[in-house]
Amino acid sequence: PVRRGYWGRKGGSPHTVPCKVTGKSGSVRVRLIPAPRGTGLVSSPAGKKLMFMAGISDCYTSTRGHSRTMGNFIKAMYHALKATYGYLSPELWEDQVLQPNPYQEHTDFLAKTVA
(Lines give C-alpha, C1' and ligand atoms only; values in the text may rest on other atoms or scores of the structure.)
Protein backbone atom coordinates (compact mmCIF):
# COMPACT_ATOMS: atom_id res chain seq x y z
CA PRO A 1 0.00 0.00 0.00
CA VAL A 2 1.05 3.55 -0.70
CA ARG A 3 0.42 6.23 1.87
CA ARG A 4 -0.78 9.51 0.44
CA GLY A 5 -0.78 12.93 2.01
CA TYR A 6 -1.43 16.61 1.47
CA TRP A 7 0.58 19.61 0.39
CA GLY A 8 -0.39 22.67 2.42
CA ARG A 9 -3.95 22.51 3.74
CA LYS A 10 -5.75 19.26 4.41
CA GLY A 11 -8.72 19.93 2.14
CA GLY A 12 -10.30 17.18 0.07
CA SER A 13 -8.80 13.75 -0.41
CA PRO A 14 -5.04 13.04 -0.13
CA HIS A 15 -3.33 13.66 -3.47
CA THR A 16 0.45 13.52 -3.06
CA VAL A 17 3.15 11.75 -1.03
CA PRO A 18 3.12 12.66 2.69
CA CYS A 19 6.75 13.86 2.80
CA LYS A 20 9.97 13.70 0.81
CA VAL A 21 10.93 10.05 0.35
CA THR A 22 13.87 8.36 -1.36
CA GLY A 23 14.31 4.96 -2.96
CA LYS A 24 17.46 3.34 -4.31
CA SER A 25 18.20 0.44 -6.63
CA GLY A 26 21.57 -0.10 -8.24
CA SER A 27 23.05 3.30 -9.04
CA VAL A 28 19.65 4.99 -9.32
CA ARG A 29 18.24 7.14 -6.53
CA VAL A 30 14.69 8.46 -6.87
CA ARG A 31 13.33 11.21 -4.65
CA LEU A 32 9.60 11.88 -4.50
CA ILE A 33 8.67 15.40 -3.40
CA PRO A 34 5.13 16.52 -2.43
CA ALA A 35 3.52 18.93 -4.88
CA PRO A 36 0.56 21.34 -4.70
CA ARG A 37 -2.84 20.20 -5.93
CA GLY A 38 -3.16 20.56 -9.70
CA THR A 39 0.56 20.20 -10.47
CA GLY A 40 0.24 16.71 -11.93
CA LEU A 41 2.99 14.10 -12.06
CA VAL A 42 6.35 15.63 -12.95
CA SER A 43 8.29 12.52 -13.93
CA SER A 44 9.31 10.31 -16.82
CA PRO A 45 6.54 8.37 -18.62
CA ALA A 46 7.36 5.15 -16.73
CA GLY A 47 7.37 6.97 -13.40
CA LYS A 48 4.05 8.64 -14.21
CA LYS A 49 2.46 5.26 -14.93
CA LEU A 50 3.71 3.77 -11.67
CA MET A 51 2.57 6.74 -9.56
CA PHE A 52 -0.79 6.87 -11.35
CA MET A 53 -1.35 3.19 -10.53
CA ALA A 54 -0.39 3.95 -6.91
CA GLY A 55 -3.09 6.62 -6.71
CA ILE A 56 -0.83 9.67 -6.52
CA SER A 57 -2.01 12.57 -8.66
CA ASP A 58 0.49 15.36 -7.81
CA CYS A 59 4.20 14.78 -7.24
CA TYR A 60 7.63 16.08 -8.22
CA THR A 61 10.45 13.59 -8.83
CA SER A 62 14.19 13.89 -8.84
CA THR A 63 16.63 11.20 -9.96
CA ARG A 64 20.36 10.67 -9.63
CA GLY A 65 22.52 8.03 -11.18
CA HIS A 66 22.00 6.11 -14.41
CA SER A 67 18.22 6.43 -14.60
CA ARG A 68 18.11 5.20 -18.19
CA THR A 69 18.39 1.70 -16.76
CA MET A 70 14.62 1.15 -16.72
CA GLY A 71 14.63 -1.85 -14.35
CA ASN A 72 16.61 -0.06 -11.64
CA PHE A 73 14.60 3.13 -12.13
CA ILE A 74 11.28 1.31 -11.63
CA LYS A 75 12.65 -0.59 -8.60
CA ALA A 76 13.94 2.64 -7.05
CA MET A 77 10.55 4.29 -7.63
CA TYR A 78 8.83 1.29 -6.03
CA HIS A 79 11.14 1.45 -2.99
CA ALA A 80 10.42 5.18 -2.63
CA LEU A 81 6.67 4.55 -2.72
CA LYS A 82 7.10 1.74 -0.21
CA ALA A 83 9.02 4.11 2.09
CA THR A 84 5.93 6.32 2.52
CA TYR A 85 4.84 4.04 5.37
CA GLY A 86 8.29 4.23 6.97
CA TYR A 87 7.45 7.54 8.65
CA LEU A 88 5.28 7.45 11.76
CA SER A 89 2.94 10.43 11.98
CA PRO A 90 0.19 11.27 14.50
CA GLU A 91 -2.64 9.71 12.49
CA LEU A 92 -0.83 6.34 12.69
CA TRP A 93 -0.33 6.44 16.48
CA GLU A 94 -2.20 3.85 18.54
CA ASP A 95 -4.62 5.11 21.18
CA GLN A 96 -3.26 4.50 24.66
CA VAL A 97 -5.22 4.59 27.90
CA LEU A 98 -3.79 7.18 30.27
CA GLN A 99 -2.71 5.79 33.63
CA PRO A 100 -3.39 7.83 36.79
CA ASN A 101 -0.57 9.98 38.07
CA PRO A 102 1.65 8.02 40.55
CA TYR A 103 1.23 10.81 43.14
CA GLN A 104 -2.55 10.60 42.82
CA GLU A 105 -2.41 6.82 43.14
CA HIS A 106 -0.32 7.11 46.32
CA THR A 107 -2.59 9.72 47.93
CA ASP A 108 -5.67 7.60 47.11
CA PHE A 109 -3.99 4.61 48.80
CA LEU A 110 -3.15 6.67 51.91
CA ALA A 111 -6.68 8.08 52.07
CA LYS A 112 -8.15 4.55 52.08
CA THR A 113 -5.89 3.33 54.92
CA VAL A 114 -6.70 6.32 57.17
CA ALA A 115 -10.47 6.12 56.78
Side-chain angles (χ1 to χ4, degrees):
V2 175
R3 188 165 146 222
R4 294 177 297 160
Y6 300 95
W7 186 91
R9 293 192 200 147
K10 292 186 177 182
S13 61
H15 61 96
T16 187
V17 290
C19 58
K20 294 177 185 176
V21 289
T22 306
K24 183 179 185 309
S25 178
S27 68
V28 181
R29 287 183 191 267
V30 173
R31 187 174 191 201
L32 303 179
I33 304 165
R37 194 177 297 275
T39 302
L41 298 172
V42 181
S43 179
S44 67
K48 284 182 184 179
K49 287 178 187 175
L50 190 62
M51 286 193 285
F52 178 76
M53 286 189 280
I56 295 175
S57 57
D58 303 302
C59 188
Y60 296 121
T61 59
S62 172
T63 60
R64 296 192 74 166
H66 199 148
S67 58
R68 283 180 56 184
T69 309
M70 189 62 67
N72 285 344
F73 174 73
I74 296 297
K75 280 184 187 176
M77 181 79 73
Y78 175 78
H79 290 301
L81 289 171
K82 193 169 96 174
T84 57
Y85 268 105
Y87 296 96
L88 188 64
S89 58
E91 66 266 9
L92 297 175
W93 293 349
E94 293 180 10
D95 291 333
Q96 294 185 359
V97 180
L98 294 176
Q99 301 295 328
N101 189 340
Y103 297 123
Q104 185 64 42
E105 227 175 289
H106 185 67
T107 55
D108 290 345
F109 176 75
L110 290 177
K112 286 180 189 175
T113 57
V114 172

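These numbers come from a predicted model, not from an experiment.
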Run the side-chain contact (heavy atoms from CB on, under 4.5 Å) test on Met77 and Met51 for me, step by step, so that the C-alpha distance in whole Å, both residues' side-chain angles and the decisive distance to 0.1 Å come before the verdict. CA-CA 9 Å; Met77 181 79 73; Met51 286 193 285; 4.2 Å; yes
Give a yes or no on this: more than 12 heavy atoms of other residues, nucleotides or ligands lie within 6.0 Å of atom NE2 of His106. no
Where Thr63 and Val30 come nearest, the two heavy atoms and their spacing: CG2-CG2, 4.0 Å
Mark yes or no for whether Arg4, through its side chain, and Gly55, through its backbone, hold a donor-acceptor pair below 3.5 Å. yes
Does one hydrophobic cluster hold both Tyr6 and Ile56, with members joined at side-chain heavy-atom distances below 4.5 Å? no
Is there a side-chain hydrogen bond (donor to acceptor under 3.5 Å, both in side chains) between Glu105 and Asn101 once you walk through the steps? CA-CA 6 Å; Glu105 227 175 289; Asn101 189 340; over 6 Å; no
For the student: nearest non-hydrogen atoms of Gly47 and Phe73, plus distance: N-CE2, 3.9 Å
Does CZ belonging to Phe52 count more than 12 external heavy atoms closer than 6.0 Å? no
CA sep, side-chain torsions, deciding dist, call: Cys19, Val21, side-chain contact (heavy atoms from CB on, under 4.5 Å): CA-CA 6 Å; Cys19 58; Val21 289; 4.1 Å; yes
Which atom of Thr84 lies closest to which atom of Val17, heavy atoms considered: CG2-CG1, 4.3 Å
Nearest heavy-atom contact between Ala46 and Ile74 is CB-CD1, 3.8 Å
Do the side chains of Arg31 and Tyr60 get nearer than 4.5 Å, heavy atoms only? no
Asp58 side chain to Thr39 main-chain N or O, any donor-acceptor pair under 3.5 Å? yes
Step through the shown structure and confirm whether more than 12 heavy atoms of other residues, nucleotides or ligands are within 6.0 Å of OH on Tyr78. no
Does Lys75, at its NZ atom, have more than 12 non-hydrogen atoms belonging to other residues, nucleotides or ligands within less than 6.0 Å? no
Residues Thr16 and Pro34: closest non-hydrogen pair is OG1-CA, 3.3 Å
Measure the spacing between CG of Leu41 and SG of Cys59 and express it to the nearest 0.5 Å. 7.0 Å
Quick check on Arg37: does its CZ atom have over 12 non-hydrogen neighbours (other residues, nucleotides or ligands) under 6.0 Å away? yes
Can you name the nearest heavy-atom pair linking Lys24 to His79, along with the distance? O-CD2, 3.7 Å
Would you check, one step at a time, whether the test side-chain contact (heavy atoms from CB on, under 4.5 Å) holds for Leu81 with Leu32? CA-CA 8 Å; Leu81 289 171; Leu32 303 179; 3.6 Å; yes
